[in-house]
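One structure is given here, and the rest of the page talks about it.
For the numbers below, each heavy atom of this structure counts, side chains included, while hydrogens, waters and symmetry mates do not.
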Amino acid sequence: MTSPPELISRRLSCSLGQCCPLKISCFRSPDNNAKKSLFEGRKFFAGGVCRTDVQLFGKVVVITGANTGIGKETARELARRGARVYIACRDVLKGESAASEIQADTKNSQVLVRKLDLSDTKSIRAFAEGFLAEEKQLHILINNAGVMLCPYSKTADGFETHLAVNHLGHFLLTHLLLGRLKESAPARVVNLSSVAHHLGKIRFHDLQGDKYYNLGFAYCHSKLANVLFTRELAKRLKGTGVTTYAVHPGIVRSKLVRHSFLLCLLWRLFSPFLKTTWEGAQTSLHCALAEGLEPLSGKYFSDCKKTWVSPRARNNKTAERLWNVSCELLGIQQE
């Protein structure tokens with residue numbers, strides 16, 4: 001079976017080879033036509049742009065993993081629009097550095113950093129307890145943080161790392177903050193997933209990867225869990241004024257691939273055709289801000305528009321079962 005990194009490698013090679021409208025010749029020739037082709041191709045890969053001019057004065061936002069990458073650019077734009085932004089991250093020093101940069105750039109002093117380690121349920125509960133004591137409102141929750149291609153390991157709670165950080169951590173965080181979101185409605189929850197969910201499968205018989213583990217597929221499974229979580233959450237939130245959306249940010253030049261030498265090499269080689277972190281943040285911003293998205297709660301977005309998901313991601317029974325299993329693993333009492 002071809003691993004996800006190999007599939008990505010093939011698709012990138014294909015996109016820059018025979019099936020690319022730019023052709024490889026554009027790298028050999030400095031003439032104007034080649035430059036124009038390169039520009040048009042770069043524009044194509046950049047994807048959609050969030051075009052709403054909604055302002056956020058008086059609004060409160062929490063973004064996980066916003067000390068770097070897509071999350072940082074998302075935080076910057078929301079701060080620019082006047083929101084009070086909480087950067088929830090594991091590395092507080094990097095978070096403080098990012099917050100200082102955003103404050104200087106946006107002239108918004110209300111960019112705050114709080115400790116949150118999504119691999120540790122104690123840290124998640126401590127963050128939520130502190131936030132709820134500090135803030136009486138929450139209008140936007142962006143579950144942005146994630147890990148990719150990690151060697152097999154388990155967290156302090158005994159969960160496989162991809163499952164813990166990418167799915168269970170955000171599941172618990174959302175659960176703990178859901179009451180405040182409902183009180184602040186209209187409110188939104190944005191979950192970052194990936195096109196890699198198409199290769200994912202929820203293996204209930206081996207959810208933690210104890211019997212079989214592939215670091216590429218473990219990432220894909222967790223991204224499918226994000227889409228299914230969004231689908232089931234939307235169903236359970238009907239009539240509350242809180243809506244939720246899953247997002248594929250695109251293939252972005254970020255540190256997410258740091259655990260894979262192959263992908264780091266490919267990312268460097270094809271960097272002109274990868275999204276910048278600013279471009280990668282656009283769909284998250286669209287789902288957090290765009291007017292009229294309420295009827296599309298539970299849907300999956302890419303390049304600032306609703307797009308199709310895999311058949312497994314449309315399975316309501318799997319979504320409900322994953323919800324129930326997640327509650328059991330996290331010790332959440334369902335109403």
Side-chain angles (χ1 to χ4, degrees), residues 42-56 59-89 94-95 97-106 108 110-113 116 118 139-148 166 170 188-197 223 226-227 230 243-258 267 271-291 293 296 299-307:
R42 180 68 190 85
K43 186 177 179 182
F44 170 78
F45 282 106
V49 175
C50 176
R51 301 193 181 280
T52 180
D53 58 0
V54 168
Q55 297 300 301
L56 298 174
K59 303 297 184 181
V60 179
V61 178
V62 170
I63 311 177
T64 66
N67 58 313
T68 188
I70 297 170
K72 181 179 174 182
E73 292 305 318
T74 305
R76 189 192 310 275
E77 181 58 31
L78 296 178
R80 183 174 285 117
R81 292 169 185 256
R84 180 176 171 90
V85 178
Y86 282 82
I87 294 176
C89 61
K94 287 185 178 179
S97 176
S100 296
E101 178 187 323
I102 293 170
Q103 289 168 353
D105 185 30
T106 64
N108 181 349
Q110 297 299 297
V111 182
L112 310 171
V113 180
L116 173 65
L118 287 162
H139 303 93
I140 301 172
L141 170 61
I142 301 181
N143 291 320
N144 165 85
V147 294
M148 181 181 184
N166 296 350
H170 284 128
R188 294 186 182 184
V189 178
V190 179
N191 298 315
L192 264 73
S193 181
S194 169
V195 68
H197 85 269
K223 293 293 100 179
N226 294 150
V227 181
T230 303
T243 52
T244 182
Y245 312 91
V247 165
H248 168 53
I251 302 177
V252 180
R253 294 198 298 269
S254 73
K255 296 179 180 179
L256 187 62
V257 299
R258 63 188 179 276
W267 261 226
S271 61
F273 298 94
L274 303 182
K275 287 186 177 183
T276 64
T277 51
W278 182 87
E279 291 163 347
Q282 295 305 302
T283 305
S284 295
L285 290 166
H286 174 77
C287 289
L289 300 172
E291 303 95 328
L293 286 188
L296 299 178
K299 303 303 182 183
Y300 171 76
F301 285 73
S302 177
D303 289 333
C304 298
K305 59 182 181 292
K306 183 174 76 72
T307 190

Using only atom types and a distance under 3.5 Å, with no angle test, would you say the side chain of [X] pairs donor to acceptor with the backbone of [Y]?
X: His139; Y: Val60; answer: yes
X: Lys223; Y: Leu192; answer: yes
X: Glu77; Y: Thr74; answer: no
X: Thr244; Y: Val189; answer: yes

Spacing of [X] atom [atom1] and [Y] atom [atom2] [to the nearest 0.5 Å]:
X: Ile251; Y: Lys275; atom1: CD1; atom2: NZ; value: 9.0 Å
X: Ile142; Y: Ile70; atom1: CD1; atom2: CD1; value: 11.0 Å
X: Ile63; Y: Leu141; atom1: CD1; atom2: CG; value: 9.5 Å

Which heavy atom of [X] sits nearest to which heavy atom of [Y], and what is that distance?
X: Val113; Y: Cys89; result: CG1-SG, 4.2 Å
X: Ala79; Y: Ile102; result: CB-CG2, 3.8 Å
X: Val61; Y: Ala83; result: CG2-CB, 3.9 Å
X: Pro249; Y: Ser193; result: CD-O, 3.7 Å
X: Ala88; Y: Leu116; result: CB-CD2, 3.6 Å
X: Ala66; Y: Ala98; result: O-CB, 4.3 Å

Partner set under side-chain contact (heavy atoms from CB on, under 4.5 Å) for [X], not counting sequence neighbours:
X: Ser302; result: His248, Thr307
X: Thr243; result: Arg188, Tyr245, Glu294, Ser297
X: Lys305; result: Asp303
X: Arg51; result: Val49

Taking the side chain as everything from C-beta on, heavy atoms only, tell me whether Leu78 gets closer than 4.5 Å to Leu285.
yes
With a 4.5 Å cut-off on side-chain heavy atoms, are Val147 and Leu118 touching?
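Result no, sub-4.5 Å side-chain heavy-atom pair not found.
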Once side chain to side chain donor-acceptor pair (under 3.5 Å) is applied, do any residues pair with [X], and if so which ones, sequence neighbours excluded?
X: Gln103; answer: none
X: Asn67; answer: none
X: Arg84; answer: Tyr86, Gln110, Glu135
X: Asn144; answer: none

Is any side-chain N of the basic residue among Arg81 and Asp53 closer than 4.0 Å to the acidic one's carboxylate O?
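Salt bridge: no.
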List in chain and number order the residues that pass ring-ring contact (aromatic ring centres under 6.0 Å, His included) with His197, two or more places apart in sequence or in another chain; answer none if no residue qualifies.
Tyr300
Member of Val85, Asn108, Thr106 meeting the side-chain contact (heavy atoms from CB on, under 4.5 Å) criterion with Arg76
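Per the side-chain contact (heavy atoms from CB on, under 4.5 Å) rule, the option paired with Arg76 is Thr106, out of Val85, Asn108, Thr106.
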Pairs satisfying side chain to side chain donor-acceptor pair (under 3.5 Å), at least one member in residues 281-290, at least two apart:
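Found none.
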Should Lys94 and Thr68 be marked as a side-chain contact (heavy atoms from CB on, under 4.5 Å) after you check the CA-CA gap, both sets of side-chain angles, and the distance that decides it?
CA-CA 8 Å; Lys94 287 185 178 179; Thr68 188; over 6 Å; no
Can you find a side-chain donor-acceptor pair between Asn191 and Asn143 that sits under 3.5 Å?
yes
